[in-house]
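Notes follow the structure.
This structure is a prediction, so every number in the text was calculated from the model and none was measured.
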Amino acid sequence: MNEGWYRLLSIVVLVVGVHEGPLSVVHRLVSNDEGTVLRAANYLPSPWCYVVATAAALLAFGALAVLDTGRKKALTRENAA
């Protein structure tokens, strides 16, 4: 995998994490609707939707850390060769 794929995956993970995390909570507080497939956390009742949204944001942050570590290892292998 080259650096372009890591960047693409990082952008996708960031967008999904922010959309399912903080934006889902903000939408729930502002509009108070039940949610859609794109805001899956909003299907849950009130206290659990916030827990799931926080978990989604933390999971995205962890995935970004793993992707960044993999990118650094790939760059190190390229420079060593």
Which heavy atom of G17 sits nearest a heavy atom of P22, and at what distance? O-CD, 3.8 Å
For Y6 and G70, work out which heavy atoms get closest and say how close. OH-O, 3.7 Å
Quick one: name the residues clustered hydrophobically with L29, using the 4.5 Å side-chain heavy-atom rule over I, L, V, M, F, W, Y, and just say none if it's on its own. V25, Y50
Stepwise side chain to side chain contact (heavy atoms under 4.5 Å, CB included) check, L75 with K72: CA-CA 5 Å; L75 288 176; K72 287 179 184 176; 5.7 Å; no
Side-chain heavy atoms under 4.5 angstrom apart, residues restricted to Ile, Leu, Val, Met, Phe, Trp, Tyr: same cluster for L8 and V66? no
Indicate if L59 and V52 have the same hydrophobic cluster label, given that clusters are the connected sets of ILVMFWY residues with side-chain heavy-atom separations under 4.5 angstrom. no
Under the side-chain contact (heavy atoms from CB on, under 4.5 Å) rule, collect the residues that match up with V13, sequence neighbours excluded. A60, A63, L64, L67
Rounded distance (nearest 0.5 Å) linking atom CD of E20 with atom OG1 of T54: 12.5 Å
